[in-house]
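Just so you know, these numbers come straight off a predicted model, no measurement behind them.
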Amino acid sequence: MKKVCVIGAGPSGITAIKNLLDEGLNVTAFDYNDEVGGNWIYSEKESHSSVFETTHIISSKMHSQYADFTFDDFEPNIPDYPSHDQLRRYFQAYAKKFDLYRVIQFNTLVKNCQWINDNTWAVTIEQNGKEHTHTFTDLIVSNGHHWQPRYPSYPGNFTGEFLHSHQFKKAAPFTGKKVLVIGGGNSACDVAVETSRVSNKTSISWRRGYRIVPKFLFGEPTDVVAARMRWFPPKIKYFLSGLTVRLLTGSNESYGLQKPTHAVAATHPTVNDELLYKLRHGKVFPKVDIDHFDGKTVHFKDGSKEEFDTVIACTGFVLAHPFFDKSFIDYSEGEVPLYLKMIHDKYPNLYFIGMFQPLGCIWPGSELQSKIAARAIVGKWKRPKNIEALCKREVTHPHIKQIKSARHTITVDYFKFVKQLKRQLSIS
C-alpha cells in the first residue's frame, strides 16, 4: 500500500496534500509551525515567516489562486492584491474545506530523510524533544525556499546593527535611525519604503540597475495586462513590456537610480508603486554598490561614504533541504536539474512541489505539480523513459535567460510553465 510523506504545510504543501488525498492515498504531513500557511503566517518574532507587518502579495488575486478553491469561493470582493493576513486565512480555509488538518502533524521538525530504495523512505522527525523514524513509500518535499537567509559578503566589518530582511517584521524599531537597505528586489524596495516612514534617513544600495514595475497598468493589475501578451513571441512581449513601463514611469536615471543594462526578463521584476514616489520626495536616497565597511561607515563604489545605524540585507535566500545529506541532494548552489522542476532523474519516489520561482505566483503551479505527483504515485501518469535527458534540458533550455545568480536557478515563465504542466495533465 502506498504511504506518502509530505514535508511542509505552506501554500504548496497543502495543495500537495489535497491532491494526494483526492487519489485515495494514505498521507502524513509534517510541519514545523502550528498552523498551515508557511511564510504567510505573520509573527513579530523571528521565525519561519518572511512576511512583515504590511506585506501584500505582488501578483494579483486573479493569478494567485487555486483552481480548486478561488478567492471568490473564499471571500468575494477581496482586493486585487490581498494582504498577508487575507492570504493566511485563505490557506487555512482551503485546508478546512478539503479536510486536510486530519493528516498534518504540526510542531514537528523533519530531521532526516533517507532514501532506501524505489519503494522506501526512512523519515526521522522530532516532536516534543523526542525523535521518531517512520517509513514511507514516497516523499513530497514542499518545505519552501524563502526561509534560510543568504547574506552578502563585503570587505571590512560593520559595527552597527546588521540584519537580513528575514528578520525585518515592522518599521517601528528603526524610528529615528539611519538605515541602509541592500538590494533591488521586491523585499528590498518594500523595506526601504516602510523604514522611510519612521527613520531619520533611509538609503537603498543597488549593485546594478533594476526595473521597477508598477502594480497597475492602465487601471488593471500588471500581471492581468501581461497575460494578454502571453501569446506574443518573447522578444516582442518583453520589448512591449519594457516600453510600457518606461513610458509610464520614466527612466531610472531621473530617480537617481542606475540604468538597467540587462534584458527586461534577465532578472525578476521588482513590483513596487511607492519606491519611485519616495525617491522623488526625498524619503529614500539611492546609493550604488558597497565597496567596504569600516565601523559604522559604509564606503560605496562611487567613492562616497556615509554612516548608518542599521544595514538591512535584502539579498535572498538559500535553497535548502537540511533533512537531506549534502552528498545525496544539495541545491544550495549551482544548477537544479529537475524535470518539470519537480522530478529527479534517479529517485522515482521523490517529488519537489513549489520549488520554482515564477515571474508570477507559485501556488497555482504547485497545484498542477501536485496533481502530476499524485497521478504518478497511483500509476495514472508515467515517468518518461528519457528522464535523465529531460532533467538536463531543464538546465540547458530555461524558459528565460537570466543573469547567472543563485536566485535565478529555478526561474520559470508563469504562463509557459502552467501551460506545460497542464499539457501533462491533458488540461486545456
Side-chain angles (χ1 to χ4, degrees), residues 4-8 12-13 15-16 19-20 113-121 136-145 234 265 317-359 362 364-427:
V4 186
C5 173
V6 177
I7 302 176
S12 296
T15 193
N19 283 285
L20 292 165
C113 296
Q114 185 177 2
W115 183 80
I116 307 300
N117 55 46
D118 288 358
N119 295 298
T120 312
W121 282 93
F136 298 91
T137 59
D138 298 86
L139 180 66
I140 304 287
V141 177
S142 51
N143 67 317
H145 54 271
F317 297 84
V318 177
L319 196 58
H321 302 99
F323 38 79
F324 288 143
D325 188 281
K326 285 188 176 292
S327 63
F328 176 68
I329 285 177
D330 181 13
Y331 295 134
S332 60
E333 301 289 344
E335 300 169 340
V336 183
L338 297 172
Y339 179 50
L340 302 175
K341 295 292 183 285
M342 63 180 288
I343 297 171
H344 199 282
D345 63 342
K346 292 184 176 63
Y347 311 112
N349 53 344
L350 170 63
Y351 304 88
F352 292 87
I353 303 297
M355 199 176 74
F356 58 91
Q357 188 63 55
L359 304 182
I362 292 177
S366 297
E367 182 179 36
L368 294 169
Q369 284 185 322
S370 300
K371 292 180 187 296
I372 293 171
R375 292 185 188 185
I377 292 170
V378 298
K380 293 180 181 178
W381 185 89
K382 297 298 181 184
R383 181 181 171 92
K385 292 181 179 179
N386 62 334
I387 186 67
E388 187 175 350
L390 290 172
C391 286
K392 289 179 180 177
R393 184 177 174 81
E394 290 280 340
V395 174
T396 58
H397 293 74
H399 288 176
I400 305 165
K401 291 185 178 181
Q402 294 191 302
I403 291 172
K404 194 169 184 179
S405 71
R407 185 186 185 194
H408 297 135
T409 57
I410 53 174
T411 298
V412 298
D413 178 286
Y414 174 88
F415 298 108
K416 188 173 182 179
F417 190 54
V418 165
K419 184 178 180 180
Q420 187 179 7
L421 296 173
K422 285 183 175 181
R423 192 182 303 124
Q424 296 294 325
L425 296 163
S426 299
I427 300 174

Undergrad: Could you state the interatomic distance from CD1 (Ile353) to OG1 (Thr15), rounded to the nearest 0.5 Å?
TA: 8.5 Å

Undergrad: Is any side-chain heavy atom of Asn119 less than 4.5 Å from a side-chain heavy atom of Asp138?
TA: no

Undergrad: Are Tyr347 and Phe328 close enough that their ring centres sit under 6.0 Å apart?
TA: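 Yes.
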
Undergrad: With sequence neighbours left out, what residues match Asp413 under salt bridge (charged side-chain N to carboxylate O under 4.0 Å, His left out)?
TA: Lys237

Undergrad: Do the side chains of Phe324 and Cys113 get nearer than 4.5 Å, heavy atoms only?
TA: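 Of all side-chain heavy-atom pairs linking Phe324 with Cys113, at least one is under 4.5 Å.
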
Undergrad: Can you name the side-chain contact (heavy atoms from CB on, under 4.5 Å) partners of Val336, sequence neighbours left out?
TA: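 Checked Val336 against side-chain contact (heavy atoms from CB on, under 4.5 Å); matches are Leu319, Tyr331, Leu338, Met355, Thr409, Ile410.
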
Undergrad: Evaluate the side chain to side chain donor-acceptor pair (under 3.5 Å) criterion for residues Ser142 and Ser12: first the C-alpha distance (whole Å), next the side-chain angles of each, then the deciding distance (0.1 Å), finally the verdict.
TA: CA-CA 6 Å; Ser142 51; Ser12 296; over 6 Å; no

Undergrad: How about Gln424 and Trp381: does a side-chain donor come under 3.5 Å of a side-chain acceptor?
TA: yes

Undergrad: For Lys416, check salt bridge (charged side-chain N to carboxylate O under 4.0 Å, His left out) against everything at least two apart and list the hits.
TA: none

Undergrad: With sequence neighbours left out, what residues match Asp330 under salt bridge (charged side-chain N to carboxylate O under 4.0 Å, His left out)?
TA: Lys326

Undergrad: With Lys380, which residues qualify under side-chain contact (heavy atoms from CB on, under 4.5 Å), at least two apart?
TA: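 Partners of Lys380 under the side-chain contact (heavy atoms from CB on, under 4.5 Å) test: Glu23, Arg375, Val378.
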
Undergrad: Lys392: which residues meet the salt bridge (charged side-chain N to carboxylate O under 4.0 Å, His left out) condition with it, sequence neighbours left out?
TA: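 Listed in chain order: Glu388.
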
